[in-house]
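Below, read A as the first sequence line, B as the second, and so on, with proteins coming before strands; counting in each chain starts at 1.
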Amino acid sequence: MNTYLDWLESEAIHILREAAGQFERPVLLFSGGKDSITLVHLAAKAFYPGRIPFPLLHIDTGHNFKETLEFRDQLAARIGVQLIVRYVEDSIRQGKATEPQGKNASRNALQSITLLDAIEEFGFDACIGGARRDEEKARAKERIFSVRNAFGEWNPRCQRPELWSLYNGKIQPGENVRVFPISNWTELDVWHYIQREHIALPSLYFAHQRNVVMRNGVCMAAEPCLHIADDEVVLNKLVRFRTIGDVTCTAAFESHAATVEDILLELHDIRYSERGARLDDTTSEAAMEERKKAGYF
Amino acid sequence: MDLLRFITSGSVDDGKSTLIGRLLYDSHAVFEDQLQAMRKASRKAYLADGAPDLAILTDGLKAEREQGITIDVAYKYFATPKRKFIIADAPGHIQYTRNMVTGASNSDLAIILIDARHGVVEQTRRHACIAKLLSIPHLVVAVNKMDMVSYDEQVFYRIAAAFKSLMPEGSFQSVHFIPISALHGDNVVSSSERMPWYAEPSLLAYLEELPLKPRERQGPARMPVQWVIRPQSEDLHDYRGYAGRVIGGALHVGDAVQVWPSGLETCIKSIELGHQVLHEAHHGQSVTIQLTDQLDVSRGDLIASVAHPPVLSHRLRAQICWMDDHKMLRPGTKMLLQHQSRRLRCIVEQLVEKMDIYSLQAIPAECAGLNDIVTVDIRLASPLAFDPYCDSRHTGAFILLDEHTGQTLAGGMILHALD
């Protein structure tokens with residue numbers, strides 16, 4: 001145990017093995033972002049030379065970047081893990097979700113509906129996710145093993161106390177547990193680990209030329225699924241993404257960082273948080289808490 | 001760079017949130033947009049002198065912001081070039097003993113805040129007592145609000161002396177006293193010019209430099225088995241890898257070990273992590289080991305060095321902190337006991353005594369409720385391999401679960417085996 005990165009890695013692997021050991025049907029929630037890619041890397045390490053003993057689940061809003069989807073399929077094929085994809089589009093077609101309207105319309109929040117359906121369809125009792133406590137203030141209070149009731153809801157005031165490294169995944173039928181192995185990692189820790197382990201990432205994270213429109217001071221990718229108003233101008237800029245959700249909810253920013261090393265240098269000086277570039281968290285002070293209560297990742 | 005986990009505790013209005021806010025703010029762990037969002041949300045976002053109220057950085061839940069209190073343990077992160085820090089921010093109210101015990105269970109150090117105007121109060125004693133109960137090795141007593149007592153050194157030394165008389169010598173590996181003003185930043189990140197009489201490093205400098213030698217690192221080696229890796233592929237037909245995280249001293253290739261509770265002896269054939277082949281595995285390291293003999297080993301078993309075997313017993317005495325709001329603990333209560341990767345049924349035979357939360361004296365107990373700290377005798381459905389908590393904060397700890405709902409009812413620390 002030489003560095004804090006070794007400690008974080010060992011802790012995450014311990015949690016992943018507890019998830020495999022305590023549950024009948026765990027699943028890893030894969031978004032295509034750096035945190036869930038890091039999770040897959042950790043899971044491969046935790047069970048080597050065996051295979052990862054649970055599938056990956058991706059909830060596709062239908063508005064994902066093509067780079068994310070290509071990367072997802074290649075990764076799953078390379079490590080030989082089962083990939084399940086469920087579509088928000090289907091939930092809308094089935095009348096379970098309503099397509100949001102307007103300029104800033106995003107299917108991001110609808111993912112919860114599709115996710116809860118998938119949990120029921122496959123009978124998943126544990127969903128392993130890449131959320132980190134440093135991301136957002138409601139997440140700072142979330143347990144590593146976090147129980148969701150039969151409606152997928154999180155009740156922040158009745159969380160189980162979590163002591164030592166004893167994770168309690170005993171639940172009643174219908175309930176499920178969200179498992180967060182990299183809870184104690186910060187954004188910088190993830191990047192340092194990506195650098196150390198040479199983890200491959202989608203090209204979106206590195207500086208590239210892209211057509212964008214400027215909105216609230218950030219660059220939104222000018223993709224077909226983004227509503228572009230008549231008075232908005234499409235510009236070509238050198239940008240990168242700091243966090244990847246779908247096209248409608250994540251913004252890029254101007255950057256020259258072309259390598260992981262460049263990104264680490266850039267992050268040391270940056271004065272804005274990772275989620276500051278996400279329109280889904282800036283809608284209200286308690287936006288994340290409300291979405292989490294309703295079953296969000 | 002290494003890692004220090006610490007807990008902060010203090011009474012309501014001791015300035016605990018302000019201290020954490022100060023550490024985060026001054027170490028640049030807070031981003032501009034987070035500050036802006038919080039300023040927008042909080043009416044009391046600015047203090048009288050126009051500085052941002054750093055306390056608003058720590059309240060995570062809506063109800064907490066509305067009521068201006070901390071309900072739950074929150075984890076906060078910051079790093080300096082020397083160390084990464086994880087803060088467990090536990091609320092100070094008396095009814096939240098549960099939260100302090102939770103935060104303390106994973107901490108290497110506790111910061112206890114004392115308001116310089118009020119000195120050592122009942123809460124101070126309770127917090128120190130919980131820190132000791134959970135065997136936190138290091139203690140920092142921060143005398144806060146020194147600005148309110150004109151930075152008077154006599155006040156500081158009087159409080160330090162009062163605190164020393166409270167805790168018996170040797171309760172902690174180290175106890176350090178430091179006068180601060182979290183509000184103005186005196187002795188928090190940099191040394192204070194307003195307290196030239198205090199020549200020692202600032203709080204942050206102290207946290208950065210404190211040598212960390214967990215007692216467990218010198219202790220006997222153990223590895224609870226979490227998962228058995230059996231690829232059953234053609235080239236790895238007979239491969240059986242035992243996956244787990246090492247606790248205590250190191251395990252080496254060639255070491256003689258026993259597998260508990262069966263007690264069967266074997267040797268370590270290999271240690272790996274991913275593609276890496278290792279010769280030894282240390283405290284805290286997650287690895288996969290192979291044994292030289294084909295034994296029946298499964299999740300829940302404990303691999304331990306032959307030289308220092310664990311205690312094996314189906315009865316034990318333990319101190320527990322009861323954490324459930326609804327259910328009461330009575331003699332005869334049946335529950336599940338989770339110890340490392342093992343879960344087994346148990347029954348509480350008797351409540352020996354409980355700690356009175358006001359006097360901190362042992363009193364007789366017939367039942368126990370939320371936040372009670374009780375000594376109990378427990379009988380297990382089958383023998384358990386463990387170490388006393390004073391020897392290991394890992395193999396000496398357990399939680400008790402409700403058999404039906406799965407709720408975590410209590411956290412426990414093993415004192416010793418019973419016949």
Side-chain angles (χ1 to χ4, degrees), chain A residues 1 3-14 17-18 20-21 44-51 53 133-134 136-141 147 156-166 168-172 175 183-186 188-189 270-276 282 285-286 289-290, chain B residues 1-3 31-34 37 40-41 59-63 71-77 79 84 86 98-99 101-102 105-106 226-227 229-231 236 239 241 243-245 272-275 282-286 288 299 323 336 338 340-341 393-394 397-399 401 404-408 411:
Chain A
M1 299 290 282
T3 69
Y4 77 101
L5 280 181
D6 290 323
W7 187 90
L8 290 173
E9 178 189 65
S10 278
E11 182 189 54
I13 288 175
H14 177 250
R17 288 165 168 176
E18 279 305 292
K45 221 169 177 175
F47 301 101
Y48 180 86
R51 289 195 169 182
R133 285 176 179 151
D134 79 318
E136 208 280 332
K137 55 194 175 305
R139 281 190 167 161
K141 309 235 158 175
V147 179
R157 298 199 70 165
C158 296
Q159 298 195 82
R160 291 177 176 178
E162 197 160 71
L163 297 105
W164 297 288
S165 44
L166 296 171
N168 174 6
K170 186 167 169 59
I171 46 172
Q172 293 176 288
E175 294 178 337
S183 285
N184 284 326
W185 300 40
T186 61
L188 266 177
D189 296 336
I270 228 155
R271 294 307 308 140
Y272 278 80
S273 79
E274 197 178 10
R275 298 203 76 89
T282 48
E285 164 75 352
E289 186 180 338
E290 299 303 332
Chain B
M1 186 152 119
D2 63 358
L3 178 89
F31 293 111
E32 276 305 317
D33 56 316
Q34 292 171 328
K40 217 160 55 180
D59 297 331
L61 302 173
K62 218 162 89 181
I71 293 168
D72 203 357
V73 186
Y75 295 91
K76 297 282 168 190
Y77 304 83
K84 175 182 164 85
I86 302 180
R98 165 172 68 183
N99 293 325
V101 169
T102 302
S105 71
N106 280 317
Q226 295 182 266
W227 181 259
I229 296 173
R230 296 203 63 191
L236 293 166
Y239 183 98
R245 196 174 184 190
E272 322 163 280
L273 177 61
H275 296 275
H282 298 280
H283 175 70
Q285 207 169 0
S286 283
T288 302
R299 175 175 165 84
M323 299 184 160
L336 289 171
Q338 184 172 330
Q340 294 300 319
S341 54
R393 294 175 75 191
H394 301 271
F398 62 86
I399 52 174
L401 323 183
H404 306 290
T405 64
Q407 266 305 327
T408 304

| field | Worked verdict on A/Arg17 versus B/Thr288 for side-chain contact (heavy atoms from CB on, under 4.5 Å) | value | CA-CA 11 Å; A/Arg17 288 165 168 176; B/Thr288 302; 3.0 Å; yes
Any chance you could measure [X], atom [atom1], to [Y], atom [atom2], to the nearest 0.5 Å?
{"X": "A/Lys170", "Y": "B/Thr408", "atom1": "NZ", "atom2": "OG1", "result": "11.5 Å"}
{"X": "B/Ile86", "Y": "A/Leu8", "atom1": "CD1", "atom2": "CG", "result": "6.5 Å"}
{"X": "A/Glu162", "Y": "B/Thr102", "atom1": "CD", "atom2": "OG1", "result": "9.0 Å"}
{"X": "B/Thr405", "Y": "A/Ile171", "atom1": "OG1", "atom2": "CD1", "result": "12.0 Å"}
{"X": "B/Lys84", "Y": "A/Asp189", "atom1": "NZ", "atom2": "CG", "result": "3.5 Å"}

| query | Is A/Arg160 close to B/Met323 at the side-chain level, that is, under 4.5 Å between some pair of heavy atoms? | reply | no
| said: For a 4.5 angstrom cut-off between non-hydrogen side-chain atoms, does A/Pro49 reach B/Tyr239? | reply: yes
| Winner by heavy-atom pair count (cut-off under 4.5 Å) against chain B, out of A/Trp185, A/Tyr48, A/Trp164 |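 Ranked by heavy-atom pairs under 4.5 Å with chain B, first place is A/Trp164.
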| Top contributor to chain B interface from A/Asn184, A/Ile13, A/Thr186, A/Leu5 [non-hydrogen pairs under 4.5 Å] |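 Of the candidates given, the most pairs with chain B belong to A/Asn184.
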| note | What one should report as the nearest heavy-atom pair of B/Gly284 and A/Ser10 is O-CB, 3.2 Å
| task | Determine the minimum heavy-atom distance between A/Tyr4 and B/Leu3, stating which atoms define it. | result |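 Heavy-atom minimum between the residues: CB-CB, 4.1 Å.
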| Between A/Asp6 (side chain) and B/Gln285 (backbone), is there a donor-acceptor pair under 3.5 Å? |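 No, the answer is negative, given that no donor and acceptor are paired below the 3.5 Å cut-off.
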| Is there a donor-acceptor pair under 3.5 Å between the side chain of B/Gln226 and the backbone N or O of A/His14? |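 Yes, because the side chain of B/Gln226 sits within donor-acceptor range (under 3.5 Å) of the backbone of A/His14.
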| field | Contacts of type salt bridge (Lys or Arg N to Asp or Glu O under 4.0 Å), residue A/Glu9, not counting sequence neighbours | value |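 Partners of A/Glu9 under the salt bridge (Lys or Arg N to Asp or Glu O under 4.0 Å) test: A/Lys45, A/Arg196.
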| query | What part of A/Ala44 is in contact with chain B, defined as an atom under 4.5 angstrom from a non-hydrogen atom: side chain, backbone, both or neither? | reply |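 A/Ala44 has no heavy atom closer than 4.5 Å to chain B.
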| Under a 4.5 Å heavy-atom cut-off, does chain B meet the side chain of A/Arg51, its backbone, both or neither? |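 Neither the backbone nor the side chain of A/Arg51 comes within 4.5 Å of chain B.
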| task | Go through B/Glu272, B/His404, B/Arg230 and name the one with the most non-hydrogen pairs under 4.5 angstrom from chain A. | result | B/His404
| Taking only residues two or more places apart in sequence or in another chain, which ones pass side chain to side chain donor-acceptor pair (under 3.5 Å) with A/Ser165? |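 For A/Ser165, no residue satisfies side chain to side chain donor-acceptor pair (under 3.5 Å) once neighbours in sequence are set aside.
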